[in-house]
Novice: 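Please find one structure pasted underneath; my questions will follow.
By convention here, the first residue in the shown sequence is residue 1. Counting starts at 1 for both ligands and their atoms, in listed order.
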Amino acid sequence: MATKKSVGDLKEADLKGKKVFVRVDLNVPLDDNFNITDDTRIRAAVPTIKYLMGHGSKVILSSHLGRPKGVTPKYSLKPLVPRLSELLGVEVKMANDCIGEEVEKMVAALPDGGVLLLENVRFYKEEEKNDPEFAKKLASLADLYVNDAFGTAHRAHASTEGVAKYLKPSVAGFLMQKELDYLVGAVANPKKPFAAIVGGSKVSTKIGVIESLLAKVDILILGGGMMFTFYKAQGYAVGSSLVEEDKLDLATSLLEKAKAKGVSLLLPTDVVVADKFAADATSKVVPASGIPDGWMGLDIGPDSIKTFSESLDTTQTIIWNGPMGVFEFEKFAAGTEAIAKKLAELSGKGVTTIIGGGDSVAAVEKAGLADKMSHISTGGGASLELLEGKQLPGVLALNDA
Ligand SMILES: Nc1ncnc2c1ncn2[C@@H]1O[C@H](COP(=O)(O)OP(=O)(O)O)[C@@H](O)[C@H]1O
Ligand SMILES: O=C(OP(=O)(O)O)[C@H](O)COP(=O)(O)O
């Protein structure tokens, strides 16, 4: 992917007094009372917005929230205004729509350095259809386009892709740039030795990532639910653990590929097994080759934690995608927590540690270690696609540097 022009490359004259359409990903979790339960994505959007405010731009913020079908009050962006205002230190104005006359009036009334938040762009079905007329209407509100919505960059929607056709320049925001620097840059040119840790529930959702990383890493550590498909492929009994029967051949071929490429592939040597899939299940540690009938593996065991930690001690760059066990249950969270702690410790020693979105981020946050890592991605699906080596439409649409 060619390097994209960044908001930091624009000159004072490009920004002062200009109306800037900024696509951000403010798709944050809200509880039943509309309280924000995790404001990471709002905080991550702040540097670009503050930069534009500081350069005298009129900032028009656009985002989606959830997956509404038409106008759905539950998915309004209004509950985000107080937190956004607090973080930006200004009173953010809120529009009741994202296009139309009312919105145009509000944009016209914005002072230099002012911020207007448009209502959920997915209230229009045209957004996800990437309808050109709708994209034109969004574009007509502004003079230039900044895309800082990394979490939605894998979607070719009107506000993430279409709008770039009608606004020049179209540039990347600071968050977008940081995500690409780590998830593309650091992975393509890592300080070596380079290790990848891949976990999560299924092999099928991670095949692309494993294959793509096999070409780059020195060490590949596999854990989580997917490990049992690899065990079974090697002839081990797996009890009632999660197995994808139709992926056994694929698991064998991935093991062979790793060997051929000289990648040190580590599978857990011991497993925490449970008598049922529940938080209060009876559990015990068994060797990988000794999973009893009727028991299911829900975490990696202490020997595996030790072996994985020792091999990570030798590395300079680590990327992690997918938990080591069912970390949502306290009893089976030890493996994931230990890996999170190890990465935090190694970050402190100068190792580059990258957490590739999704549940691994939730696990690191649960362990209170988020601020210790080199980079935590704000995108689940988007980071997965990047790690698979795919191009993101929201990035492709931007002007080259
Ligand atoms: N041994 C296991 N058996 C069943 N599910 C597991 C196991 N280990 C991890 N998981 C589950 O995998 C899920 C995360 O998988 P995935 O979505 O692939 O990860 P990520 O979101 O990080 O990419 C978690 O909900 C976790 O409980
Ligand atoms: O939360 C998001 O995706 P993620 O859960 O994969 O990180 C993004 O805001 C994209 O949302 P979408 O998957 O409804 O297009």
Novice: Does the protein place any heavy atom closer than 4.0 Å to atom 5 (O) of ligand 2?
Specialist: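 So far as the 4.0 Å threshold goes, atom 5 (O) of ligand 2 is out of reach of every protein heavy atom.
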Novice: N/O of Gly381 under 3.5 Å from N/O of ligand 2, yes or no?
Specialist: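 Yes, since at least one N or O of Gly381 sits under 3.5 Å from an N or O of ligand 2.
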Novice: How far is atom 10 (C) of ligand 2 from the closest protein heavy atom, and which atom is that?
Specialist: Gly151 O, 3.6 Å
Novice: Closest non-hydrogen protein atom to atom 7 (O) of ligand 2, residue and atom name please, with distance?
Specialist: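 The closest heavy atom on the protein side is Gly380 N, 2.8 Å.
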Novice: Counting each atom of ligand 1 from 1 as listed, which ones have a heavy atom of Gly322 under 4.0 Å away?
Specialist: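 Counting from 1, the qualifying ligand atoms are 19 (O), 22 (O).
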Novice: Out of curiosity, is His157 lining ligand 2, as in a heavy atom under 4.0 Å away?
Specialist: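 It does not; every heavy atom stays at 4.0 Å or beyond.
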Novice: Any non-hydrogen atom of Lys206 lying under 4.0 Å from ligand 1?
Specialist: yes
Novice: Can you tell me if Arg122 has a non-hydrogen atom under 4.0 Å from ligand 2?
Specialist: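 Flag set, Arg122 near ligand 2.
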Novice: Using distance alone, determine whether Thr378 and ligand 2 share an N or O pair under 3.5 Å.
Specialist: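 It does not: no N or O of Thr378 is found under 3.5 Å from an N or O of ligand 2.
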Novice: Give me the nearest non-hydrogen protein atom to atom 11 (O) of ligand 2 as residue plus atom name, then the distance to 0.1 Å.
Specialist: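 For atom 11 (O) of ligand 2, the nearest protein heavy atom is His64 NE2, 3.4 Å.
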Novice: Do any nitrogen or oxygen atoms of Ala382 lie less than 3.5 angstrom from nitrogen or oxygen atoms of ligand 2?
Specialist: no
Novice: Identify, for atom 2 (C) of ligand 2, the protein heavy atom at the shortest distance, and state residue, atom and that distance.
Specialist: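 That would be Arg41 NH2, 3.5 Å.
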Novice: At a 4.0 Å threshold, what atoms of ligand 1 neighbour a non-hydrogen atom of Asn321?
Specialist: 23 (O)
Novice: Would you check if the side chain of Asp299 reaches a backbone N or O of Gly335 as a donor-acceptor pair within less than 3.5 Å?
Specialist: yes
Novice: Would Gly380 count as a contact of ligand 1 if the rule is a heavy atom under 4.0 Å away?
Specialist: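 Under 4.0 Å: no for Gly380.
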Novice: For the aromatic rings, using the six-membered ring if either is Trp, is the centroid distance between Phe134 and Tyr124 under 6.0 Å?
Specialist: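 Centroid distance Phe134-Tyr124: below 6.0 Å, so yes.
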Novice: N/O of Arg67 under 3.5 Å from N/O of ligand 2, yes or no?
Specialist: yes
Novice: Need the ligand 1 atom indices (1-based, order shown) with element for anything under 4.0 Å from a heavy-atom of Phe228.
Specialist: 1 (N)
Novice: So, for Tyr236 and Phe230, is the gap between ring centers shorter than 6.0 Å?
Specialist: no
Novice: Look at atom 4 (C) of ligand 1 and say which protein heavy atom is nearest, naming residue and atom and giving the distance to 0.1 Å.
Specialist: Val326 CG2, 3.8 Å
Novice: Looking only at distances, please establish whether an N/O atom of ligand 2 is found under 3.5 Å from an N/O atom of Asn27.
Specialist: yes
Novice: Check whether any side-chain heavy atom of Leu141 sits under 4.5 Å from a side-chain heavy atom of Lys19, and report yes or no.
Specialist: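 The answer is no, as the side chains (C-beta and beyond) never meet within the 4.5 Å cut-off.
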Novice: Between the side chains of Glu245 and Lys232, is the shortest nitrogen-to-carboxylate-oxygen separation below 4.0 Å, so that they form an ion pair?
Specialist: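 Salt bridge: yes.
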Novice: Quick check on contacts: which atoms of ligand 2 are under 4.0 angstrom from a heavy atom of Arg155?
Specialist: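 Taking each heavy atom of Arg155 in turn, ligand 2 has 12 (P), 13 (O), 15 (O) under 4.0 Å.
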